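What follows is a short report on a single structure.
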Amino acid sequence: MKKLFLFIFSFLFLSFVKAQNNEDQNINLETLNITAKEDSKAKKLILEVIENRYKNSPKSLGNYEFKEYSKVYSNSDNTTPLPTTMNSVKDSIQLENWLRNENSMNFLLEKGVRHFFDKNMGEKIKTEAYRISGIQTPLVELAAIDPIPYELNDNKFNFFYFKTFINPISKYGMNFYDYRIKDTIQQNNLKLIRLNFKSLKDATTPLYGTILIDSKSKAVANFYAEYQTKGTIVDKGSLQITGFGKSQNYEMESKYKPYKDVWVPVSQSYNASFIRSTKKDSIEIPTKTFIKVEKYFKDFKTGVEFTSKDFKGYKNELPPSSFKNFEENIIPYRAKPLTNIEKNTYLYIDEEGKKENIDLIIKKARFLVNGFNFNLGKIDVMLPEIIGGNEYEGFRLGLGLKTNSFFSPQWGLNGRVNYGFRDKKLKYALGANYLINPGNNGILSVEYMDDVNPAGRFSPILRNGFNYMRNVAVNSKKYEFFGLKKYSISYDQDFYNNLSLKFGVHKAEEENLFIKELKAKTFKNTLFTLNSRWSPNNEYIKAPYGKYEIKSGYPHFFFDVAQASSLLNGDFDFTRLNFSAEHLFHFIPAETFVKFSAGTTLGKTPLWYTFNEGSHVNNNNSLFDLFSFGGSDTFETMPADAFYSTSYTSLLLRQKLFSINKKSEGGSAYLVMKTIYGDLNKQKTLFDNNKYSLNNWYNEAGIEFRKLLLNSIGLGFYYRFGAYNSGNFKEDFAIKTTIDLPFLDISF
């Protein structure tokens with residue numbers, strides 16, 4: 001059982017848990033009755049806490065540093081029977097297993113982190129040491145996760161990133177909680193106000209708790225929260241667990257103390273347990289498993305002198321030495337020496353990890369967060385390249401390979417080959433890259449490709465691998481392409497933690513494949529490109545094999561520029577600009593997603609470089625059409641390749657309406673509105689081919705039911721109205737698949 005638990009814990013972090021019994025008064029807060037008068041007084045106090053948050057934060061001191069020690073461990077009831085005899089090899093093995101279960105735990109993780117801050121240079125969080133029982137591979141995805149945020153200043157916080165709760169100490173959270181001031185107490189020569197809170201009746205995540213607030217500074221001295229669910233089934237997408245008993249609970253507590261007129265963290269804890277039933281000889285045997293997280297903060301210092309070198313690179317950093325030199329690096333961080341049981345846990349679980357080949361499983365599973373690249377040792381298989389297709393190539397079969405950090409931490413090779421069964425042509429690409437700036441993931445790349453590209457559509461370069469995969473699916477019904485033989489050299493790097501830039505120079509030979517008058521004619525194109533993404537609320541951690549996203553938050557901004565030049569005998573001289581911004585608002589308690597996009601071309605632009613954004617497919621001829629993905633950058637009722645524009649503007653609104661199951665996010669219904677307007681300036685277009693432009697607003701509305709299956713897959717129903725409504729229901733109506741991958745923060 002330890003082997004199975006190790007695997008589940010490593011990748012799911014046990015998002016379904018039942019807390020241990022706790023006699024704290026907050027257990028009964030669910031029955032608390034709060035009057036409007038009491039709530040008004042308490043909310044005023046919460047507002048004072050929020051307004052004084054920066055004054056009470058150590059950031060107001062100008063600079064500081066401190067150490068953080070984290071320990072995550074888990075264990076289960078020892079269900080291995082104690083042998084009654086010692087007459088066989090089986091008996092000796094049974095005794096050995098019993099002793100191991102009695103003298104070790106299921107899982108142990110330790111981490112030592114150094115925090116430092118300077119008002120001019122920002123914040124740095126450097127993991128100096130970490131170790132995970134049973135794993136010999138540096139698993140940044142697990143080591144980087146902070147299960148409990150010590151600064152409770154965001155609208156939401158997470159338990160292990162799988163259960164998201166609305167923060168009651170936020171202006172946004174005040175829409176979701178009732179509050180009551182209970183009393184005042186004296187503690188450590190401080191007068192503290194005790195405030196109780198509980199989620200509103202209809203909340204999907206009913207959180208209850210108590211906050212101790214310093215009456216003088218209005219700072220949080222203690223925060224305790226608990227979450228309770230009822231029922232015997234916990235459904236987390238593809239994994240459904242039954243037999244947990246009557247309820248599951250989460251508990252957390254954060255403690256703070258005054259330091260030089262501010263408040264600094266002292267400790268945090270997270271406690272959880274669940275009961276699992278197994279059958280043996282028709283008898284149900286309950287097994288209780290608990291998880292505990294302990295965090296301690298120490299050595300707080302201010303007035304420290306830092307240099308710019310201390311803050312170089314990403315805000316979060318996890319260097320290779322933190323894993324390789326763990327025993328040496330963890331000593332200054334440990335709150336106390338490990339117990340014998342904890343030492344045995346490393347010893348025994350490491351052995352089990354080797355037997356189960358957990359490291360190999362980790363390498364294979366990493367493709368989900370690695371651009372859908374499946375690991376085969378030092379080589380990754382690029383899964384999106386295997387199967388594809390479109391109306392021009394027909395069925396597209398291929399193979400893409402690239403080296404990874406196990407091949408070399410600094411340089412790599414990549415290549416792919418594809419074959420279209422309709423156009424009967426082979427396509428291929430070869431490339432190499434070199435890591436010039438490890439601190440900011442600065443990569444220099446060179447590539448040659450001989451392939452086709454959909455007219456008016458270009459892959460979202462700075463989006464993740466799943467978006468690329470989806471982009472292939474969007475193009476599956478397109479039939480207007482241009483051939484592309486291209487040499488490229490590019491450099492991409494991250495700046496200021498959450499700004500990504502990519503510069504490229506390309507020399508291409510292009511052939512139009514859908515305009516008859518241009519058949520067999522080729523054009524030379526010298527192209528300079530700039531792609532940028534700014535996500536001010538995203539956070540990344542520098543890992544030994546690149547970077548890993550540890551926090552994703554709106555808004556996101558994308559800006560892309562392509563400049564064609566007459567240099568090197570180029571036939572074109574135009575500029576292509578494209579911008580998009582997306583944000584998740586909370587004007588009302590139900591979320592509102594907004595995406596704005598616009599683009600334009602300057603100069604004489606060939607038709608295949610104008611905008612065909614939003615073109616999708618609306619066949620509805622068979623059940624297979626449902627497998628086309630609906631998304632935030634497509635119009636589901638718009639026929640493919642129907643419109644081209646030299647400039648366009650589009651807006652998408654997605655408003656959450658209700659959840660079919662109020663106890664989970666599954667089956668949430670959304671109202672979707674999309675509109676786009678474009679113009680095809682034929683004075684600015686080369687080879688316009690008598691194409692239509694969007695010279696009226698193209699509108700469609702729909703209802704999406706998201707996360708109906710496997711907590712990820714849903715259905716959307718869309719209808720075209722306004723100037724482009726045809727009056728034929730089959731043409732104006734579309735049904736598409738929607739997808740959400742919550743563990744990757746991907747949603748379309």
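As the structure is a computational prediction, the values presented were derived from the model and not from experiment.
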* Report yes if the side chains of Met121 and Ser308 come closer than 4.5 Å at any heavy-atom pair, otherwise no. => yes

* Asked: Quick one: are Val304 and Phe116 in side-chain contact, heavy atoms under 4.5 Å?
  -> no

* How are the rings of Phe593 and Tyr554 set to each other: parallel, tilted or perpendicular (split at 30° and 60°)? -> perpendicular

* Heavy atoms only: give me the nearest Tyr177-Ile166 pair and the separation to one decimal. => OH-O, 2.5 Å

* salt bridge (charged side-chain N to carboxylate O under 4.0 Å, His left out) between Arg131 and Glu327, worked out -> CA-CA 9 Å; Arg131 185 176 179 189; Glu327 294 296 344; 3.6 Å; yes

* Asked: Residues in salt bridge (Lys or Arg N to Asp or Glu O under 4.0 Å) with Asp154, at least two apart?
  -> Lys551

* To do: Dump the intermediate steps for side chain to side chain contact (heavy atoms under 4.5 Å, CB included) on Phe297 and Val266, then the final yes or no.
  => CA-CA 5 Å; Phe297 306 90; Val266 176; 5.7 Å; no

* Closest approach of Lys124 to Lys312 (non-hydrogen atoms, all atoms of both residues) -> NZ-O, 2.7 Å

* To do: Of all the heavy-atom pairs spanning Pro319 and Thr127, show the shortest one and how long it is.
  => CD-O, 3.3 Å

* Asked: Any chance CD of Glu328 has more than 12 other-residue heavy atoms, nucleotides or ligands included, within less than 6.0 Å?
  -> no

* Taking the side chain from Ser74 and the backbone from Asn106, do they hold a donor-acceptor pair closer than 3.5 Å? -> no

* For the pair Phe323 and Tyr130, evaluate ring-ring contact (aromatic ring centres under 6.0 Å, His included) and give the outcome as yes or no after the intermediate values. => CA-CA 6 Å; Phe323 184 79; Tyr130 80 96; 5.2 Å; yes

* Lys126: what forms a salt bridge (Lys or Arg N to Asp or Glu O under 4.0 Å) with it, not counting sequence neighbours? -> none

* To do: Evaluate the side-chain proximity of Leu651 to Val594: yes if any heavy-atom separation is below 4.5 Å, no if none is.
  => yes

* To do: May I have all residue pairs that pass salt bridge (charged side-chain N to carboxylate O under 4.0 Å, His left out) and include part of residues 296-305, sequence neighbours excluded?
  => Lys67-Asp299

* CG on Asn63 to CG on Asn120, rounded to 0.5 Å -> 9.5 Å

* Quick one: are Tyr670 and Leu657 in side-chain contact, heavy atoms under 4.5 Å? -> no

* Structure fact -> side-chain hydrogen bond (donor to acceptor under 3.5 Å, both in side chains) filter on Tyr333, not counting sequence neighbours, yields none

* Structure fact -> Note: Leu195 and Leu45 closest approach over all heavy atoms is CD1-CD2, 3.9 Å

* Quick one: are Lys59 and Tyr64 in side-chain contact, heavy atoms under 4.5 Å? -> yes

* To do: Output the distance between atom OG (Ser668) and atom NZ (Lys707), rounded to the nearest 0.5 Å.
  => 6.5 Å

* Euclidean distance, Ile50 CD1 relative to Lys43 NZ, rounded to 0.5 Å -> 10.5 Å

* Structure fact -> In terms of heavy-atom contacts, Val262 and Ser57 come closest through CG1-O, 3.5 Å

* To do: Evaluate the side-chain proximity of Tyr224 to Leu212: yes if any heavy-atom separation is below 4.5 Å, no if none is.
  => no

* Can you list the residues that meet the side chain to side chain contact (heavy atoms under 4.5 Å, CB included) rule with Leu530, with sequence neighbours excluded? -> Leu501, Phe503, Val561

* Among all residues two or more places apart in sequence or in another chain, which pass the side-chain hydrogen bond (donor to acceptor under 3.5 Å, both in side chains) test with Asp560? -> Asn531

* Going by heavy atoms in the side chains, are Asn441 and Leu435 under 4.5 Å from each other? -> yes

* Taking atom CG of Asp118 and atom CD of Glu65, what is their separation to the nearest 0.5 Å? -> 11.5 Å

* With sequence neighbours excluded, tell me which residues meet side chain to side chain contact (heavy atoms under 4.5 Å, CB included) with Ile436. => Tyr434, Leu444, Tyr491

* Criterion side chain to side chain donor-acceptor pair (under 3.5 Å) on Tyr73 and Glu294, from CA distance to verdict -> CA-CA 9 Å; Tyr73 54 101; Glu294 298 175 6; 2.6 Å; yes

* Taking Ser60 for its side chain and Asn56 for its backbone only, find out whether a donor-acceptor pair lies under 3.5 Å. => no

* Structure fact -> Rounded to the nearest 0.5 angstrom, the NZ-OG distance for Lys502 and Ser532 is 13.0 Å

* Structure fact -> dist Phe596:CZ -> Phe557:CZ (nearest 0.5 Å) comes out at 11.5 Å

* Walk me through it: do Tyr346 and Glu110 pass the test side chain to side chain donor-acceptor pair (under 3.5 Å)? => CA-CA 11 Å; Tyr346 280 133; Glu110 288 184 281; 2.9 Å; yes

* To do: Scan residues 252-267 for pairs that pass salt bridge (charged side-chain N to carboxylate O under 4.0 Å, His left out), counting only residues two or more places apart or in two chains.
  => none

* **Any donor-acceptor pair under 3.5 Å from Asn329 side chain to Glu128 backbone** => yes

* **Sequence-distant partners of Glu342, salt bridge (Lys or Arg N to Asp or Glu O under 4.0 Å), two or more places apart** => Lys71

* Tyr259 side chain near Thr302 side chain, heavy-atom distance below 4.5 Å -> yes

* Asked: Salt bridge or not for Glu123 and Lys315, using N-O below 4.0 Å?
  -> yes

* Quick one: side-chain hydrogen bond (donor to acceptor under 3.5 Å, both in side chains) partners of Ser70, sequence neighbours excluded? -> Glu68

* To do: Without swapping roles, check the side chain of Ser199 against the backbone of Leu207 for a donor-acceptor pair under 3.5 Å.
  => yes

* Any residue meeting salt bridge (Lys or Arg N to Asp or Glu O under 4.0 Å) with Arg53, in chain and number order, not counting sequence neighbours -> none

* To do: Ignoring hydrogens and angles, tell me if any N or O in the side chain of Lys295 forms a donor-acceptor pair with the backbone of Ser254 under 3.5 Å.
  => no

* Asked: So among Tyr150, Phe197, Tyr256, which one has a ring-ring contact (aromatic ring centres under 6.0 Å, His included) with Phe223?
  -> Phe197

* For Asn52, enumerate each residue passing the side-chain hydrogen bond (donor to acceptor under 3.5 Å, both in side chains) test, keeping only those at least two apart in sequence or located in another chain. => Lys55

* Might you point out which heavy atoms bring His556 and Ser535 nearest each other, and give the distance in Å? => ND1-OG, 2.8 Å

* Asked: Under 3.5 Å, side chain of Asp214 to main-chain N/O of Leu192, donor-acceptor pair present?
  -> no

* Asked: Are Asp183 and Arg194 close enough, and set up right, to give a salt bridge (charged side-chain N to carboxylate O under 4.0 Å, His left out), and what steps lead you there?
  -> CA-CA 5 Å; Asp183 55 23; Arg194 181 154 43 193; 3.0 Å; yes

* Take the angle between the ring planes of Phe585 and His583 and call it parallel below 30°, perpendicular above 60°, tilted in between. => perpendicular

* **Aromatic plane relationship, Phe300 with Phe66 - under 30° parallel, 30 to 60° tilted, over 60° perpendicular** => parallel

